[in-house]
Amino acid sequence: MATLTPREIVRELDEYVIGQADAKRCVAIALRNRWPRRQVPEDLRDEIAPKNIIMIGPTGVGKTEIARRLAKLADAPFLKIEASKFTEVGYVGRDVESMVRDLTEMAVNMVKVRERETVRNKAQELAEERLLDILLPPRQPGDRDAEGEQHLEVVRKGEEINPTRSKLRKLLHEGKLDERYVELELTTQANLPMVEIFSASGLEDMDMNLKDMLGGLLPKQTKRRKVKVPEALEILTNEEAAKLIDMDRVVQEALSKVEQEGIIFLDEIDKIAGREQGRGPDVSREGVQRDLLPLVEGSTVTTKHGMVKTDHILFIAAGAFHICKPSDLIPELQGRFPIRVELQALTAGDFVRILTEPQNALILQYRALLDTEGVTLKFQDDAIQAIAEIASRVNEATENIGARRLHTVMERLLEEVSFEAPDMQGMELKIDADYVKLKLADISQDNDLSRYIL
């Protein structure tokens with residue numbers, strides 16, 4: 001992250017998200033600030049609070065896509081979660097602290113994967129020796145060979161003298177044993193007994209330490225499994241890598257990364273912006289805000305890996321706020337999100353760019369899908385313009401769902417082609433504006449029909 005400037009972060013986001021320059025700049029600055037904060041003197045470091053962000057804008061304009069791409073850019077624990085999943089403590093459902101536990105679990109897995117790569121070469125060497133032992137069990141001193149002579153195992157400078165083992169190793173490296181099956185003995189943990197647990201804090205958190213507490217008491221189970229040599233080598237490599245990884249160091253590094261670099265993207269925050277009604281489905285909304293406040297302000301959360309301080313976790317919230325406004329949040333929570341950025345509704349011109357410019361553009365996706373069926377799909381410029389105008393017009397006439405409208409329009413446009421594609425191998429299909437109007441004009445002009453189909 002230290003090598004990415006805000007300008008470079010924005011440039012990376014531009015590859016996938018069209019427009020929304022203000023939101024990209026705010027996110028890029030907030031992401032970059034994680035690194036400089038760790039370079040300042042220690043007595044000042046803890047005083048620099050993260051600049052939490054609220055992104056405001058209608059659905060389908062890029063809020064979630066910015067978060068998704070941010071996760072790929074940030075070499076840091078990143079969690080995207082919907083605020084509507086949580087309930088106030090005392091109600092059945094997830095409590096807000098579970099998001100920190102989820103983030104910690106992701107950090108541990110992330111560090112573990114990285115550590116596994118560092119020890120992979122050594123693990124492969126050990127796994128190869130185990131596999132060769134299975135293919136050719138080593139003879140013990142005192143065993144007699146086919147001629148009845150006593151066998152003496154000889155090792156010279158770490159090299160094996162057994163010519164048969166050397167030949168097997170060569171065959172293994174050349175891939176000539178790939179179709180051969182071997183039998184592995186795998187160790188598994190015995191299943192926990194069925195236990196009913198009743199708790200208001202969320203059933204998914206109740207087994208947080210149960211397996212850890214009972215794991216040592218339950219007997220290990222082994223099962224035999226026949227697999228091909230490449231799969232066996234991969235299984236054995238993973239087993240050896242797990243033995244080589246220092247899990248205590250992994251957990252400590254993961255906890256540090258969560259506390260210093262963790263990012264939580266809290267989507268649909270407008271769904272908890274309702275005021276207390278006293279009854280009905282909205283009863284716990286303000287309670288969720290009160291529960292969320294300590295996490296954003298800075299508190300300590302208990303996880304199965306240890307205590308996690310949330311003081312410097314960056315929170316990025318997002319919501320459409322079409323039936324409420326950010327000021328409907330409790331004042332204390334508003335103050336903890338000092339940066340607010342508004343995302344703009346998308347125009348027909350934006351839709352043209354979304355269809356063609358991003359690396360994951362919809363037109364590129366459909367071309368690739370039909371290429372697998374042997375069908376070449378070509379879009380004329382006037383066709384792309386027509387698709388964008390129809391999507392924009394339907395958004396204005398019905399519910400505005402932003403760029404997601406392009407998915408429904410494209411699917412409707414190419415429904416017949418996708419159905420007939422297996423019988424169209426070798427064909428080239430050109431999509432022009434006339435074809436688009438033929439397939440979509442009637443539906444796009446009929447508001448009642450487009451409401452249900454587009």
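Numbers here are sequence positions counted from 1.
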- Query: Side-chain contact, heavy-atom cut-off 4.5 Å: L370 with L429?
  - Reply: no
- Residues Q385, E389; criterion side-chain hydrogen bond (donor to acceptor under 3.5 Å, both in side chains); working and verdict: CA-CA 6 Å; Q385 184 67 39; E389 290 174 356; 3.1 Å; yes
- Message: If the threshold is 4.0 Å, N to carboxylate O, is there a salt bridge linking D14 and K24?
- Response: yes
- Message: Are F351 and L346 packed together at the side-chain level, in the sense that at least one heavy-atom pair is separated by less than 4.5 angstrom?
- Response: yes
- Message: If the threshold is 4.0 Å, N to carboxylate O, is there a salt bridge linking K437 and D382?
- Response: no
- Task: List the steps and the verdict of side-chain contact (heavy atoms from CB on, under 4.5 Å) for V258 and I313.
- Result: CA-CA 7 Å; V258 169; I313 292 177; 4.1 Å; yes
- Query: Counting only heavy atoms not in R7, do more than 12 fall under 6.0 Å of its CZ?
  - Reply: no
- Query: Which heavy atom in Q359 sits nearest to a heavy atom in Y16, and how many Å separate them?
  - Reply: OE1-OH, 3.0 Å
- Message: Heavy-atom count check: over 12 atoms from other residues, nucleotides or ligands less than 6.0 Å from D371 CG?
- Response: yes
- Distance in Å, I316 CD1 paired with I264 CD1, rounded so as to fall on 0.5 Å steps: 10.5 Å
- Under the 3.5 angstrom rule, does the side chain of T310 hit a backbone N or O of L295 as a donor-acceptor pair? yes
- Message: Salt bridge check, D133 against R165: does any charged N sit closer than 4.0 Å to a carboxylate O?
- Response: yes
- Task: Run the salt-bridge test on R169 and E129 with the 4.0 Å N-O cut-off and return the result as yes or no.
- Result: yes
- So how far is it from L184 CG to R224 CZ, rounded to the nearest 0.5 Å? 8.5 Å
- Query: Side-chain contact, heavy-atom cut-off 4.5 Å: I431 with L414?
  - Reply: yes
- Query: With side chains defined as the heavy atoms from C-beta onward, is the minimum distance between L292 and F86 less than 4.5 Å?
  - Reply: no
- Heavy atoms of P6 and A28 approach each other most closely as O-CB, 3.6 Å
- Item | Side-chain (N52) to main-chain (R336) donor-acceptor, under 3.5 angstrom | yes
- Query: Do T408 and E411 have side-chain heavy atoms sitting under 4.5 Å apart?
  - Reply: no
- Item | Presence of salt bridge, E82 and K271, under 4.0 angstrom | no
- Verdict with reasoning, V394 to I390, per side-chain contact (heavy atoms from CB on, under 4.5 Å): CA-CA 6 Å; V394 173; I390 288 173; 4.3 Å; yes
- Query: Is the shortest side-chain N to carboxylate O distance from K80 to E268 below 4.0 Å?
  - Reply: no
- Would you indicate whether R130, at its atom CZ, is surrounded by more than 12 heavy atoms from other residues, nucleotides or ligands within a distance under 6.0 Å? yes
- Task: State whether R412 and E415 are salt-bridged, where the test is any N-O pair (Lys NZ or Arg NE/NH1/NH2 against Asp/Glu carboxylate O) under 4.0 Å.
- Result: yes
- Message: Measuring from atom CG of L333 to atom CD of E286, what distance do you get when rounded to the nearest 0.5 angstrom?
- Response: 10.5 Å
- Query: Hey, are the side chains of R340 and Q334 touching, using non-hydrogen atoms and a 4.5 Å cut-off?
  - Reply: yes
- Residues K325, D328: salt bridge by 4.0 Å N-O rule: yes
- Query: What is the distance from atom CD1 of I272 to atom CG of L266, rounded to the nearest 0.5 Å?
  - Reply: 6.0 Å
- Measure the spacing between CZ of F337 and CD1 of I54 and express it to the nearest 0.5 Å. 5.5 Å
- Message: Between S256 (side chain only) and Q252 (backbone N and O only), is there a donor and an acceptor less than 3.5 Å apart?
- Response: no
- Closest non-hydrogen atoms of V251 and H305, given as atom of the first, atom of the second and distance, are CG1-O, 3.5 Å
- Item | Donor-acceptor contact present, side-chain D350 to main-chain T347, <3.5 Å | yes
- How far apart are the C-alpha atoms of V119 and E240, what are their side-chain angles, what is the distance that settles it, and do they pass the side-chain contact (heavy atoms from CB on, under 4.5 Å) test? CA-CA 9 Å; V119 301; E240 293 299 326; over 6 Å; no
- Is the shortest distance from a Lys or Arg side-chain nitrogen in E12 or R69 to a carboxylate oxygen in the other one below 4.0 Å? no
- Item | Shortest non-hydrogen separation from K257 to V111 and the atoms involved | CD-CG2, 3.9 Å
- Query: Going through the checks in order, is the side-chain hydrogen bond (donor to acceptor under 3.5 Å, both in side chains) test met by S392 and N395?
  - Reply: CA-CA 5 Å; S392 180; N395 271 349; over 6 Å; no
- Message: For E396, is there an ion pair with R393 - N to carboxylate O distance below 4.0 angstrom?
- Response: no
- Message: Quick check: closest heavy atoms across A273 and F321, and the distance to 0.1 Å?
- Response: CB-CE2, 4.5 Å
- A76 versus E261, closest heavy-atom pair with distance: CB-O, 3.4 Å
- Query: Counting N and O atoms only, with roles assigned by atom type, does the side chain of K378 sit under 3.5 Å from a partner on the main chain of E428, one being a donor and the other an acceptor?
  - Reply: no
- Item | Heavy-atom donor-acceptor pair, Q380 side chain to K430 backbone, under 3.5 Å | no
- Query: Can you tell if the side chain of L13 reaches within under 4.5 Å of the side chain of L73, non-hydrogen atoms only?
  - Reply: yes
- Is R37 close to Q260 at the side-chain level, that is, under 4.5 Å between some pair of heavy atoms? yes
- Query: Are M110 and F78 close enough, and set up right, to give a side-chain contact (heavy atoms from CB on, under 4.5 Å), and what steps lead you there?
  - Reply: CA-CA 10 Å; M110 184 173 69; F78 185 101; over 6 Å; no
- Task: Keeping the roles fixed (side chain from E8, backbone from T5), state whether a donor-acceptor pair exists under 3.5 Å.
- Result: yes
- Heavy-atom donor-acceptor pair, R116 side chain to A242 backbone, under 3.5 Å: no
- What is the distance from atom NZ of K176 to atom CG of L168, rounded to the nearest 0.5 Å? 12.5 Å
- Message: Between R34 (side chain only) and G262 (backbone N and O only), is there a donor and an acceptor less than 3.5 Å apart?
- Response: yes
